[in-house]
Amino acid sequence: MSKIEMSKKDGKRSDKAQQVVEGFTGKLNRQAVLSFGTCVHCGLCADSCHYYLATGDPKMTPAYKADQVRHLYKKHVDWMGRVAPGWVGGSDLQTDEDLDKMKDVVFGSCTMCRRCTVNCPFGVDKALMMRFMRGHLTRAGVAPQGVLDVNKDQWEIGNQMGVSQEDYLETLEWLQDELRAEVEDDTAEIPIDKEGANIVFVVNPREIKYAPLSLLAAAKIFYVAGENWTMPSVGWDNTNFGLFSGLDDLGGHMGKLAFDQAEKLGVQKMVISECGHGFRSTKWESPNWAKMDLEFPIESFLETMVDYVNTGRISLDPSLNPDPVTYHDPCNLSRSSGMTEEPRFLLKRSCMDFREMYPNRADSFCCSGGGGAMSMSEYAPRRLEVAKVKADQIKETGAKAVATACHNCVDGLADLIKHYKINIPVKNVCEFVADAIVMPAVEKPVEVPAVEVFAEKTVLVVDDEPDVVTFLTTFLQDQGFKTLSARDGDEGMQLAKEHRPDLITLDVTMPGKSGISVYNDLRKDPELDHIPVFIITGVVEFRQLMYHRNMEAPEGYMEKPINNDVLLMQIRRILGAEVKVAS
Ligand code: SF4
Ligand code: SF4
């Protein structure tokens with residue numbers, strides 16, 4: 001009988017702790033043993049971690065955090081530790097409280113950015129150790145609720161935001177209308193399941209659900225380049241929570257969904273939209289997790305765009321992006337995938353004033369939203385505190401916009417920019433490229449003014465901030481809407497009952513009745529449950545809505561500050577309005 005079984009029999013270890021310890025003492029690969037077994041506590045990695053730099057807390061140094069996991073290895077795996085655990089610093093997990101403390105370390109105190117790894121003379125990979133422990137905790141159900149929810153959606157629905165296939169296809173159809181308006185060509189397409197296409201393009205579900213501008217930008221770039229491309233109807237999510245939650249089987253499941261569809265369509269290559277962990281997991285990890293020998297290459301959309309510029313398939317005019325722009329290197333692209341020059345190539349040709357932030361490339365600091373942190377709302381205050389390191393870097397550049405090549409980083413940066421009041425936009429590289437693209441000359445179609453499109457539609461704006469109400473009502477009236485406004489939830493409900501608007505925009509945090517309770521009341525009322533609701537809210541609540549599944553999804557979400565273009569696009573989608581009609 002092993003020591004683990006004996007401890008169980010003695011009743012010292014909780015059932016969950018037993019499960020974690022049993023899993024932990026299973027098969028370890030060479031990389032893991034090297035990292036678990038090697039650390040001379042020289043402290044050289046301390047200054048590499050944004051958690052330590054921002055807090056000065058010794059418990060936030062990479063070596064200390066790694067030791068919390070390493071102690072278990074020392075006790076149960078290291079041969080000396082099995083004989084004399086105290087001698088080598090071995091310790092155990094016994095109670096559910098021990099598991100919660102471990103959860104706080106591996107999920108809440110490390111974004112698995114690997115900056116400490118490249119700053120360790122032995123290359124000790126703390127992120128690998130964290131992922132290893134995350135996997136065993138997740139299997140025991142000891143993980144942030146957002147991670148568990150996203151895992152479930154990837155297993156059951158095939159994408160991390162629980163988007164149904166119907167909604168996905170409808171969104172692509174709507175985006176195709178937007179593309180046609182953008183390029184002023186009624187034949188422009190977002191093809192779906194086109195067999196024999198050169199490229200199958202897989203995206204981050206954030207692009208489908210909340211941030212369509214990057215997908216629209218990509219579609220525009222494919223259109224101008226004359227690419228033979230397609231979106232897949234299934235297996236379209238390039239993200240993979242198997243990487244963050246430590247579940248190789250989930251990683252394989254997500255990889256297989258995408259790879260099977262690409263093979264079925266017979267495409268020449270798979271292109272990953274700008275997503276750091278999506279690229280790393282799909283290109284480098286998923287073929288192994290899925291045990292598949294792929295017949296096609298995988299590349300980042302950054303590489304595709306560089307090729308289009310180099311071969312003259314697209315031309316860029318940097319004067320179309322005159323403001324200073326800096327670039328944030330996503331950890332999974334720069335440090336873990338070596339992709340540092342492609343975004344710079346593109347930004348230098350798309351923007352008049354490109355400015356580096358320092359340190360950069362493989363030495364870049366994490367945006368603080370890596371490792372799945374954006375889905376872990378319980379750690380948001382700590383995430384924002386340690387984001388100060390990145391906020392200071394951005395401020396020093398004096399840039400008026402931040403570019404990055406990762407949707408997760410866009411969210412992480414947007415949150416810190418708001419928190420530290422930097423007040424500049426964050427966009428993916430492809431959006432800067434699309435804005436700089438020189439369009440081929442076409443005959444201009446006639447546009448139907450927006451005011452005609454939305455005439456007779458009424459929007460009720462419910463928000464306690466007078467500035468937001470003024471902004472939204474003015475903007476919506478400019479688009480042709482009639483508007484009503486309410487400053488709290490009770491007034492909002494009353495106006496909804498009296499006027500039955502075509503759409504309600506709803507803040508979440510308001511004095512008195514909260515937006516969530518208004519939303520629930522609307523959904524329960526048979527007279528009002530058909531009215532689409534667009535939630536416009538602050539950062540933390542928004543992340544909870546994105547990643548937690550404890551309520552039916554509203555028709556639209558947006559975080560403040562409000563992006564007019566996205567708001568209008570989403571309203572057109574919700575109301576099924578034609579954007580512009582060419583005659
Ligand atoms: S730099 Fe490497 S050896 Fe030194 S404390 Fe950090 S992990 Fe340990
Ligand atoms: S991987 Fe990144 S967040 Fe984690 S300990 Fe190392 S430097 Fe800190």
Side-chain angles (χ1 to χ4, degrees), residues 29 31 112-114 117-118 125 127-128 131 154 158-160 197-207 214-215 218 227 229-232 234-265 267-308 329-343 345-346 361-362 364 370-372 404-409 428-430:
N29 63 22
Q31 251 183 320
M112 297 171 31
C113 74
R114 300 185 68 247
T117 301
V118 298
D125 194 340
L128 181 148
R131 181 174 184 268
Q154 288 209 319
N159 67 83
Q160 65 147 290
N198 184 36
I199 284 172
V200 64
F201 191 57
V202 288
V203 297
N204 184 312
R206 184 182 173 281
E207 299 178 80
S214 59
L215 181 46
E227 187 57 81
W229 70 296
T230 189
M231 301 279 299
V234 294
W236 52 268
D237 178 359
N238 71 31
T239 72
N240 198 322
F241 256 58
L243 185 70
F244 298 149
S245 57
L247 302 180
D248 289 1
D249 50 354
L250 174 58
H253 167 72
M254 289 306 295
K256 189 165 186 329
L257 279 179
F259 300 152
D260 280 350
Q261 187 66 7
E263 282 184 359
K264 189 171 147 198
L265 295 175
V267 296
Q268 299 299 305
K269 64 183 167 187
M270 175 177 282
V271 173
I272 314 288
S273 75
E274 288 172 52
C275 176
H277 98 269
F279 178 75
R280 177 181 163 194
S281 56
T282 309
K283 184 170 175 84
W284 304 116
E285 315 281 3
S286 294
N288 279 330
W289 290 333
K291 300 183 176 59
M292 289 178 75
D293 183 15
L294 303 179
E295 306 258 314
F296 51 83
I298 296 171
E299 72 181 28
S300 160
F301 190 45
L302 295 170
E303 296 169 278
T304 315
M305 289 187 282
V306 168
D307 178 61
Y308 291 161
D329 283 281
C331 304
N332 280 309
L333 274 185
S334 58
R335 212 158 15 252
S336 293
S337 300
M339 192 165 297
T340 56
E341 302 317 305
E342 292 83 350
F345 174 97
L346 293 164
R361 296 178 168 85
S364 169
T404 189
C406 172
H407 279 274
N408 201 63
C409 294
N428 277 290
V429 174
C430 67

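Any value given below was found using the heavy atoms of this structure, including those in side chains, with hydrogens, waters and symmetry copies removed. Along the sequence shown, residues carry numbers from 1.
- Within the 4.5 Å cutoff, side-chain heavy atoms of Met270 are placed close to those of Phe259.
- Side-chain contact annotation: Asp237 with Gln154, donor-acceptor N/O pair under 3.5 Å present.
- Residues meeting the side-chain contact (heavy atoms from CB on, under 4.5 Å) test with Asn288, sequence neighbours left out: none.
- Residue His277 holds its NE2 atom at 8.0 Å from SG of Cys406, rounded to the nearest 0.5 Å.
- Between Met231 and Val203, some side-chain heavy-atom pair lies under the 4.5 Å cut-off.
- The shortest side-chain heavy-atom distance between Val306 and Leu346 falls under the 4.5 Å cut-off.
- Residues Leu128 and Gln31 have side chains in contact (heavy-atom distance under 4.5 Å, counting atoms from C-beta outward).
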Apply side chain to side chain contact (heavy atoms under 4.5 Å, CB included) to the pair Gln261 and Val200, showing each step before the final yes or no. CA-CA 9 Å; Gln261 187 66 7; Val200 64; 5.9 Å; no
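- By the 4.5 Å heavy-atom criterion applied to side chains, Arg335 and Cys113 are counted as neighbours.
- Between Asp329 and Arg361, the shortest heavy-atom distance links the atoms OD2-N, 2.8 Å.
- When all heavy atoms are compared, the tightest approach of Gly242 to Leu250 is N-CD2, 3.8 Å.
- More than 12 non-hydrogen atoms from other residues, nucleotides or ligands lie less than 6.0 angstrom from CD of Glu341.
- Of all heavy-atom pairs spanning Phe241 and Gly372, the tightest one is CZ-CA, 4.3 Å.
- Under the 4.5 Å side-chain criterion, counting only non-hydrogen atoms from C-beta, Ser281 is in contact with Trp289.
- Residue pairs that meet the salt bridge (Lys or Arg N to Asp or Glu O under 4.0 Å) test with at least one member in residues 279-294, sequence neighbours left out, are Arg280-Glu285.
- Screening Leu302, Asn238, Asn428, Thr239 for a side-chain contact (heavy atoms from CB on, under 4.5 Å) involving Ser273 leaves a single residue, Asn238.
- In this structure, the separation between OG1 on Thr304 and CD1 on Ile272 is 9.5 Å, given to the nearest 0.5 Å.
- Note on ring orientation: taking the six-membered ring where Trp is involved, the planes of Phe201 and Trp229 are perpendicular (angle over 60°, cut-offs 30° and 60°).
- Counting all heavy atoms, side chain and backbone alike, Pro232 lies closest to Val202 at CG-CG1, 4.0 Å.
- In plain terms, the two heavy atoms of Ser300 and Phe279 that are nearest each other are N-CE1, 3.4 Å.
- Here the CG atom belonging to Asn332 is positioned 8.5 Å from the CZ atom belonging to Arg114, to the nearest 0.5 angstrom.
- Looking at Trp284 and Ile298, their side chains never come closer than 4.5 Å, going by heavy atoms from C-beta outward.
- The line from NE2 of His407 to CG of Leu215 is 8.0 Å long, rounded to the nearest 0.5 Å.
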Given the rule in the side chain to side chain contact (heavy atoms under 4.5 Å, CB included) test, do Glu263 and Phe296 qualify, once you have shown the distances and angles that lead to the verdict? CA-CA 8 Å; Glu263 282 184 359; Phe296 51 83; 3.6 Å; yes
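- Taking all atoms of both residues into account, the shortest heavy-atom contact from Ser214 to Cys430 is O-SG, 3.6 Å.
- Lys269 NZ: more than 12 foreign heavy atoms inside a 6.0 Å radius.
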Working for side chain to side chain contact (heavy atoms under 4.5 Å, CB included), residues Phe244 and Gln160: CA-CA 12 Å; Phe244 298 149; Gln160 65 147 290; over 6 Å; no
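- Looking at heavy atoms from C-beta onward, Leu333 lies out of side-chain contact with Glu274 at the 4.5 angstrom threshold.
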